[in-house]
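Encoded as structure tokens, here's the structure I'll be asking about.
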Amino acid sequence: MSSILLQVIVSGLLIGAVYALFSSGLTLIWGMMNVINFAHGDFVMLAMYTAFLVWTAFGGGPAASVPIAAVVLATIGVLSYFLLVRHIMRGPMLAQIMGTFGLALLLRYSAFWYFGANFKTLPDTLLGPPFVFGSIRVDAPRLLAGTIGLIVTLSLHLILTRTALGSRMLAVSEDATAAQLMGIRPEHMQAAAWALAAGATGIAGALIATFFYTSPTVGETLAIVAFVTVAFGGFGSVPGALLAGLLIGVIEAVSAFMIGPVYKDVIVYTLFVLVLWTRPQGLMGKA
Amino acid sequence: MMRRALPLLIGALALLYPLLVSGSAVYQRLGALVLLSAIGASAWNLIGGYAGQVSVGHAVFFGAGAYAALAGYAQFGMPPIAGAPIGVGVAILVAALIGVPTLRLSGHYFSMATIAVAELVRVLVTNWEWLGGAQGISGPAIPRTVLDLSFTSAVPYYYIFLAVLVSILFMTWRIEKSRMGFYLRAIKDSERAARSLGVAAGRYKLYAYMLSAGLTAVAGALYAIMFGFVDPESGCGILISVKMLIMAALGGAGLLFGPLVGALILVPLEEISNSLLGGKGAGLTFVVYGAIIVVIARFLPSGLLALFTGLRSPRKPSATEPSHAA
């Protein structure tokens, strides 16, 4: 019994690290410029298709698809910033929701039109047999995704808090005019934030594709997980997203195991509503 | 002269539309769908447009109306229309329950909270066998009496929806001119300033939210009556919430006719391109839909009607303005 529970918790932590990674992109954009990117889930979807194309085109596994997806998505992120977000962030909040949601529809249905509605999956054997640690068995793709997810989320946090680029980005998010007077270009920093956020999302998507089905509407499902994780952890906080991601992963896995798979979402959303009720800024957000 | 003639002309056109297109059932249906969407978007406009609290979870109330109408039939054999008031009551009650904690949140926090609550409700409904679970529930297959409001032609629906829409717009217009309308706009501009001048902001936001929820449930019930079917996705899906928001924002949120204008553009766009492109190009419809929304958000952030009313949003000073960056 306890070894099964341990197994469940470990798999929850691994999926939680992936949740943390793809949510940190969303939270970073929010923290930088108070914009909710409703197209975030569709960025993940594009990264998953990129991984799929890398595999069909030249049989490349995650070693090839992860960096390629990161670069492709970072490019898409920067393009979205310069062509759309830079303009709509000056407008009313409704225009921001409309703009990024329109982008989401555009990306989602372009994928639908180009790739078709069928679910695509990468072969299970892509990464070899499961790993066994004592009584715990972990599928190779999930172990890889969880580990990289944790490492990249932590690196993102370190970039934001320990590097000159991170300090400049923080300066712009706190007071863009003051930052400008110090010789920092707000637009460049915001574009950098989009590149980082979308790049991290790209890595997450390429990793998810190794163990989850890919379809044009998969982003919708994932985006809701990301919204809940971000709101749970605190808007704008990468460590908050990490904590919330891991918590949600474990809670999902344990409640699926104890109560039944259909109720895991109910438990997570109920918990989320309770957190919003008592602590609207989230676990680690600024009030 | 023009000022008098134009509304009369539009009114006459709205009344005679089904006769003008009497040859085409498709266009009659399209007219009914435009009005139905306008009802939902106008209901959303009360809280999202006038009070500026952007709810992305109105599908909860839409679903309450739709499910109440059909569950009343499926479980007790009531005509769907008899379930509608129950749905409205449930929606108002749920709005009070959701609104008390979440309306304290400001801006995006409120939007995110409403998304999460709507998803929670969708998941609950999907697992609730009494409401048909994931399969959904159907209305009466053949009308038993005229009370079932089940017609093959779209024309009766057109006139029912027109009457409901006109009532909602009239009510909105009265609110707009009333003390409450001024309070809501004050809250939208600056909640802190409104409070400091003695507006009971929390109470008025809650009133607007509950009223908006009740009217959204009416839209849901009418949808269920016309289509005779609802499942978790068509009743409580996030797309339902987003469509209400986008229609209102496209035409002009916080303007009386904004949602109607948005519906007049988006519904035909969706229906016509769906039928032109057929099943194969179904994806392409939403590509176009998405592109249009993006372009409007980019170039007309306050909606189309803002072009005529001169209500363009003042540009917020921002360090990213190119003029500053020099």
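Within every chain, numbering begins at 1; the chains are lettered A, B, ... in the order of the sequence lines, protein sequences first and strands thereafter.
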**Report entry** Nearest heavy-atom neighbours spanning V125(B) and C236(B)
**Finding:**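 Looking at all heavy atoms of both residues, the shortest contact is CG2-SG, 4.4 Å.
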Query raised in the report: Quick check: are there more than 12 heavy atoms from other residues, nucleotides or ligands sitting under 6.0 Å from CZ of R168(A)?
Result: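 Atom CZ in R168(A) is not crowded, with 12 or fewer foreign heavy atoms closer than 6.0 Å.
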Requested in this report: Determine, for E176(B) against R185(B), whether the closest basic-nitrogen to carboxylate-oxygen distance falls under 4.0 angstrom.
Outcome: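 No.
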**Report entry** More than 12 heavy atoms of other groups within 6.0 Å of Y213(A) OH
**Finding:**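 It does: Y213(A) OH has more than 12 such atoms within range.
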Query raised in the report: Based on non-hydrogen pairs under 4.5 Å, which of G52(B), G49(B), A249(B) is most in contact with chain A?
Result: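 Option with the top pair count is A249(B).
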Report task. Give, as side chain, backbone, both or neither, the part of F38(A) having an atom under 4.5 angstrom from any heavy atom of chain B. Result ->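 Just its side chain gets close to chain B.
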Query raised in the report: By a 4.5 Å heavy-atom criterion (distance strictly below it), what part of T270(A) contacts chain B: side chain, backbone, both, or neither?
Result: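 For T270(A), the contact with chain B is made by backbone and side chain together.
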Report task. Mind checking the NE2-CG spacing from H188(A) to L165(A)? Nearest 0.5 Å is all I need. Result ->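 H188(A) NE2 to L165(A) CG: 12.5 Å, rounded to 0.5 Å.
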Query raised in the report: What part of S111(B) lies closer than 4.5 angstrom to a heavy atom of chain A: side chain, backbone, both or neither?
Result: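 Side chain of S111(B) only, per the 4.5 Å heavy-atom cut-off to chain A.
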Query raised in the report: With a 4.5 Å limit on heavy-atom distance, are the side chains of E271(B) and P268(B) in contact?
Result: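 Result no, sub-4.5 Å side-chain heavy-atom pair not found.
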Query raised in the report: At a heavy-atom separation under 4.5 Å, does I97(A) approach chain B through its side chain, its backbone, both, or neither?
Result: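 For I97(A), the contact with chain B is made by the side chain alone.
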Requested in this report: Under 4.5 Å heavy-atom distance to chain A, tell me which part of I238(B) shows up: side chain, backbone, both or neither.
Outcome: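 Answer is side chain: those atoms of I238(B) sit under 4.5 Å from chain A.
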Report task. Please look at I115(B) and chain A and tell me whether the side chain, the backbone, both or neither of the residue comes under 4.5 angstrom of a heavy atom of that chain. Result ->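 Interface part for I115(B): side chain.
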Query raised in the report: Is a side-chain N or O of S173(A) found less than 3.5 angstrom from the main chain of M32(A), in a donor-acceptor match?
Result: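 Such a contact is absent between S173(A) side chain and M32(A) backbone.
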Query raised in the report: What part of F101(A) lies closer than 4.5 angstrom to a heavy atom of chain B: side chain, backbone, both or neither?
Result: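 Only the side chain of F101(A) comes within 4.5 Å of chain B.
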Query - Between V266(A), L107(A), V228(A), V268(A), the one whose heavy-atom pairs under 4.5 Å with chain B are most numerous - result: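 With the most close heavy-atom pairs to chain B, the winner is V266(A).
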Query raised in the report: Which answer fits I224(A), side chain, backbone, both or neither, if we ask what part of it has an atom under 4.5 Å from a heavy atom of chain B?
Result: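 It is the side chain, since no backbone atom gets that close.
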